[in-house]
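What you see below is based on every heavy atom in this structure, not just the backbone, and it leaves out hydrogens, waters and symmetry mates. When a ligand or atom number is given, it counts from 1 through the structure's own listing order.
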Amino acid sequence: MASTLESQDSGIVLGIESTAHTFSIGWVDGSGEPSPSVSASVTPKEGGIHPREAADHHVDNSGEIVQRVLSSPEFDTADISAVAFSQGPGLGPCLRVGASVARALAQRLEVPLVGVNHCVAHIEIGRQQCGSNDPVLLYVSGGNTQVISRLSGRYRVLGETLDIGIGNMLDKFARNHDIPFPGGPRIETLAEQWLQNNPGASLDGLELPYAVQGMDLAFSGIMTSALKLVDGGAPLDAVCWSLQEHSFAACVEVAERALAHTGKRELLLGGGVACNERLRSMCASMASERGGVSHVPARGYCIDNGSMIATLGRLQLLHGVTTSLSASGVRQDLRTDETDILWV
Ligand code: ATP
Ligand code: FE2
C-alpha cells in the first residue's frame, strides 16, 4: 500500500538515462504512472561499446530527443516539477552527457535536479509495474548480475557476478560469431531455432562449466568453454541454447537460495537480459514450485529507459532527496546498496 507521501501529486518528473548504450528520456505523471521513453541506442559497427563513441552518439541525439519530449502533447512544460538523471553507475563519458543535459534542463525549467542510482531504478520500475512489494530481485543486465533483497532501508546485494555481467558475456560470445551488439536477443532466437529443429534435444556433448560459487556467479569461464565448443564443431545454435540453459540455471539457483534464506515469496526480474523468454519461464517455474511467484515488467521497462529514472526520481523528490548542482557529478562506481530506500 502506498504511503501518503508516495500517493501525493508530484507533477511531471522527467528522467534522463545515459549510462551506456542508450540515451533516453521518459517521464512519469503526478501519480507516478510512466509513459514510454523516447530513446536512441548506439549500435557499434564492430567491437563492443566504446565509451567515447557512445558519448558522441548521445550528444548527437540528445537535442532532438529533448525537443520531442518537451513538445509532447501529453503534458505542459509548466507542469514539470523535477528533472531526474542517472548519476551512476556506468561509463563516465556517457554519464556526463546525461548529467549535462539534466543540469541544463533543470536550470532552464527552474526545477530541482534529482540524481538517481541506475540499478535501483531498474528495481523500482519493476516494483511499480508489477505491484510487487518486497521481492528478491534478479537484476540481469549487460554490466550487472546481482541477486538483491531489501533489508534495513537499503537494497542489499546477496550474490553477484565476480567477473563480467551475464549480458556482457552473451554480447561477447555473439560478437565472436559476427553477431552485432546487442547479442542477447539473437542468441535467444538461435536457441529457439535449435529447439524447434531438434525437439527433445539433450545437453549431452554441450555441457558447460558451472557458474555458481556460493551465492556468487562468474561468466567468463562459461563463455570461453562455449567458444571452444563451436571451434570444436558444435552447431552455433546448439551452443547458444546450451549457453542460455547453463548461465540462466546458475542465476535461477542463486535466486532460489536467496528466496529460501530470506523467506520471501516473490521474485522480480529486471535489466536487459530479463527480456529473455527462456529466463522468464525458468524463473516462473522455480517460483511456482516453491509456492511463490515471479514478476517481470514489460520489455521496454527492462532495457535501459528514461521512464525508470523518472520513476525513482519522483520517489526521491517526494521524500525531499534532490541534488544540488555542486553534488551532481557522476558516480561511475555507485553501488546498488549505497542508496537509502525511504519509500517502503
Ligand atoms: P546496466 O548498467 O544496468 O548493466 P546495461 O547497460 O547493460 O545496464 P540494459 O539495457 O539493462 O543495459 O541491458 C542490455 C543487455 O541486455 C545487453 O547485454 C543485451 O544483450 C541484453 N539483452 C537484451 N535483450 C535480451 C534477450 N532477449 N535475451 C538475452 N539478453 C538480452
Ligand atoms: Fe541497465
**Report entry** Residue Asp304 atom name (nearest to the Fe ion (ligand 2); N/O/S)
**Finding:** OD1
Query raised in the report: Among all protein non-hydrogen atoms, which one is nearest to atom 2 (O) of ligand 1, and what is the separation to 0.1 Å?
Result: His118 NE2, 3.3 Å
Query raised in the report: Just heavy atoms, cut-off under 4.0 Å: does Asp171 contact ligand 1 by side chain, backbone, both, or neither?
Result: side chain
Query raised in the report: Which residue and non-hydrogen atom of the protein lie closest to atom 3 (O) of ligand 1, and at what distance in Å?
Result: Tyr139 OH, 2.4 Å
Report task. Note the single closest protein heavy atom to atom 5 (P) of ligand 1, along with its residue, its atom name and the distance in Å. Result -> Asp304 OD2, 3.5 Å
Report summary line: atom 7 (O) of ligand 1 sits nearest the protein heavy atom Gly142 N, 2.5 Å
Query - CA sep, side-chain torsions, deciding dist, call: His57, Phe23, ring-ring contact (aromatic ring centres under 6.0 Å, His included) - result: CA-CA 8 Å; His57 163 273; Phe23 185 90; 8.2 Å; no
Report task. With heavy atoms under 4.0 Å as the rule, classify the contact between Pro185 and ligand 1 as side chain, backbone, both or neither. Result -> both
Query raised in the report: For ligand 1, which atoms have a heavy atom of Gly167 less than 4.0 angstrom away?
Result: 18 (O)
Report task. Could you find the nearest protein heavy atom to atom 14 (C) of ligand 1 and give me its residue, atom name and distance? Result -> His21 NE2, 3.8 Å
Report summary line: Per-atom filter on ligand 1: closer than 4.0 angstrom to a heavy atom of Gly143 are 4 (O), 7 (O)
Query - More than 12 heavy atoms from other groups under 6.0 Å of CZ on Arg265 - result: no
Query raised in the report: In terms of ring plane angle, is the pair His118 and His122 parallel, tilted or perpendicular, where the classes change at 30° and 60°?
Result: perpendicular
Query - Selected option - heavy-atom contact closest to atom 24 (N) of ligand 1, from Ala174, Pro182, Gly272, Gly184 - result: Gly272
Query - Atoms in ligand 1 with a heavy atom of Asn144 nearer than 4.0 Å - result: 1 (P), 2 (O), 3 (O), 4 (O)
Query raised in the report: Just wondering, do Leu14 and Val69 contact through their side chains at under 4.5 Å, heavy atoms?
Result: yes
Requested in this report: Select the closest option to atom 27 (N) of ligand 1 among Glu17, Glu188, Met308, judged by heavy-atom distance.
Outcome: Glu188
Report summary line: So the atoms of ligand 1 within less than 4.0 Å of a heavy atom of Ile303 turn out to be 10 (O), 23 (C)
**Report entry** Nearest protein heavy atom with distance in Å, relative to atom 1 (P) of ligand 1
**Finding:** Ser141 OG, 3.3 Å
Requested in this report: Looking only at protein heavy atoms, identify the closest one to atom 28 (N) of ligand 1 and say how far it is in Å.
Outcome: Asn276 ND2, 3.1 Å
Query raised in the report: Heavy atoms, side chains only, cut-off 4.5 Å: are Leu227 and His177 in contact?
Result: yes
Query raised in the report: Below 4.5 Å, heavy atoms only, C-beta onward: do Val140 and Leu279 meet side chain to side chain?
Result: yes
Query raised in the report: Can you find a heavy atom in the side chain of Leu105 that is under 4.5 Å from one in the side chain of Ile16?
Result: yes
Requested in this report: Specify side chain, backbone, both or neither for His122, according to which of its non-hydrogen atoms lie closer than 4.0 Å to ligand 1.
Outcome: side chain
Query raised in the report: Within a strict 4.5 Å, meaning less than it, do heavy atoms of the Met223 and Lys172 side chains meet?
Result: yes
Report task. Inspect the contact between Glu277 and Arg299 and indicate whether a charged nitrogen and a carboxylate oxygen are less than 4.0 angstrom apart. Result -> yes
Query raised in the report: So, do Val116 and Gln316 sit near enough that their side-chain heavy atoms are less than 4.5 Å apart?
Result: yes
Query - Non-hydrogen side-chain atoms of Val42 and Glu53 separated by less than 4.5 Å - result: no
Requested in this report: Would you check if the Fe ion (ligand 2) lies under 2.8 Å from any N, O or S atom of Cys119?
Outcome: no
Query raised in the report: Between Phe181 and ligand 1, is there a nitrogen or oxygen pair with a distance under 3.5 Å?
Result: no
**Report entry** Pairwise distance CE(Met282) to CD(Glu256) - rounded to 0.5 angstrom
**Finding:** 11.0 Å
Requested in this report: Any atoms of ligand 1 less than 4.0 Å from a non-hydrogen atom of Ala20? List them with their elements.
Outcome: 6 (O)
